[in-house]
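Scroll down for the structure; my scribbles are underneath it.
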2 protein chains.
Amino acid sequence: MEQESKTMSEFNNFFKSAFSVDNVIFGFDEGDLKVLLIKRGADPFKGMWALPGDLVYPNEDLNTAAVRVLEELTGISDVYLEQVRAFGAVNRHPLGRVITIAYFSLININKYVVTAASFAQKAKWHSVSTVKDLAFDHNQILDACYNLLKQRVRTRPIGFELLPHKFTLTALQHLYEAILETELDKRNFRKKILSMNLLIDLNETQEGVAHRPAKLYKFDNDRYDKLVQDGFNFELKESRRKLMAE
Amino acid sequence: MEQESKTMSEFNNFFKSAFSVDNVIFGFDEGDLKVLLIKRGADPFKGMWALPGDLVYPNEDLNTAAVRVLEELTGISDVYLEQVRAFGAVNRHPLGRVITIAYFSLININKYVVTAASFAQKAKWHSVSTVKDLAFDHNQILDACYNLLKQRVRTRPIGFELLPHKFTLTALQHLYEAILETELDKRNFRKKILSMNLLIDLNETQEGVAHRPAKLYKFDNDRYDKLVQDGFNFELKESRRKLMAE
DNA sequence: TGGTTTTAGTGTATTCCTTACACCTTCTTT
DNA sequence: AAAGAAGGTGTAAGGAATACACTAAAACCA
């Protein structure tokens, strides 16, 4: 939303009420969950970091707009993308009534290419854990998206979307640990993940590491599709806290 | 949304783009999950059943609008209400671009009073399982809300919102069975529910039933609030299907 | 009034999943 | 060839989910 390239009169065309999409684009790098933010070059909130977004064109579906925002900024399409919810507090936008539909998407950070749009908008990856003081209500939006991601990652095998095509089990575990902000037991994690039969052993190993190289796996899309049709429920439990006790 | 009492010129004020809320109001009666629908008295979709909704006023928060729709129609406020998501397909509204934010709410059907608004709009409870051919994209919205309800009811103790203040364990079980469209084992259900210590035994029994009267319980709000603060996770499992086998 | 009807209410054994936990293997580096 | 670093593996114990059947309490009726 709130794209700065629009003139004020174009902007006014969308009012009295306008709607936008904002996209929380997650990536994973250096053992850390990242989010792609852009630095605002114009008021309101000039100079502050914000979620990438845009007003929705009159003849454009919401999902299409979210995909467009992602594609223009990153050059990537065909990724995991899900609507979270609408944010519509009356005063969330200083220039008028704008509600925004929040999306989150998961991309393999290595596929990210700096596009003209992302260059112009000074896009940069930030660690989710340290983000603060975003423009508009974007902190609130980020929180909501991150919470949904935490839930999704437990109940659907979407973590893979954040990794390269080929990955090691340790990388996968680190990803889950970063997202869930918890430590997982190596043996139990592997047992659980492998028991789902959603990984294909590529019979390849890492190269160029200064230790025993790990086996590489890829995600089994075909098998996943079959399981989804059947009502499959991926579930990953956190270490159980004892809460029922009085 | 799409309230018929607006004149065409008032309606036009909201366009080019307008947004509305639609509210899926669930109730429980006669062992059956119900949804409150209104019969449209004007085009578009004149004569068809639709979800209650309205355009959002320029200075009104989305949640406020959803509460207002519920209150005007039913006379009830202060109930469980949650946003589901936005629906914004370009052609979802025949008169122009209108996106809608879907909410669902849970009410005790006995508290429902026929208001002037609900009378004028011919509001009526329908069994969720038999609803079809709603106006606009309202079937799709109902489906999404029902799916979220199924999920919520497993992970949060919100079922109580649909029952009278005092209820029996059998009534509670029937409610869960209706929502989840599955049968539950009586003993296991009671064990699970009671082990959460979220019910207060009122030391009262049913009256006027032609069989052994059941004990009455009420929901323990205070204890629930404490548990929520602590990150409590209510969980109700379905009978486990064997899905991992190849 | 006693028998019939109807729903309420209760316990246990089995199975399966979750958890906790430590050592050997394989590769690189020096 | 020894040290360093991460990879990879199995088992026992505890706890939750499941399956399952009879007795208890009230109203109704003959």
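On a predicted model such as this, the values are computed, not experimentally measured, just so you know. Labels below follow one simple rule: chain letters A, B, ... track the order of the sequence lines, proteins then strands, and each chain is numbered from 1.
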Among [options], find the nucleotide with the atom closest to the side chain of [X].
X: A:Arg190; options: C:dG9, D:dC20, D:dG8; value: D:dG8
X: A:Asn188; options: D:dG7, C:dT10, C:dT19; value: C:dT19
X: A:Lys191; options: C:dT10, D:dT11, D:dA26; value: D:dT11
X: A:Lys186; options: D:dG10, C:dT12, D:dG8; value: D:dG8
X: A:His211; options: D:dA21, D:dG10, C:dC27; value: C:dC27
X: B:Lys192; options: C:dC21, D:dA17, D:dG8; value: D:dA17
X: A:Ala210; options: C:dT29, D:dT11, C:dC27; value: C:dT29

Heavy-atom donor-acceptor pair, A:Arg212 side-chain to D:dA6 base, under 3.5 Å = no

Using a 4.0 Å heavy-atom cut-off, does [X] contact any base of the nucleic acid, only the sugar-phosphate backbone, or nothing at all?
X: A:Thr205; value: nothing
X: A:Thr170; value: sugar-phosphate
X: A:Lys215; value: sugar-phosphate

Using whole Å, report how far CE of B:Met196 lies from C1' of D:dA17.
-> 13 Å

Tell me: CZ of A:Arg154 to C1' of C:dT18, nearest whole Å?
-> 14 Å

First of B:Asp185 and B:Val209 reached from the 5' end of DNA chain D, by closest nucleotide | B:Asp185

Test item: side-chain donor near acceptor, A:Asn188 and A:Lys191, under 3.5 Å = yes

For the pair B:His138 (side chain) and B:Ala50 (backbone), establish whether a donor and an acceptor sit closer than 3.5 Å, ignoring hydrogens and angles.
-> no

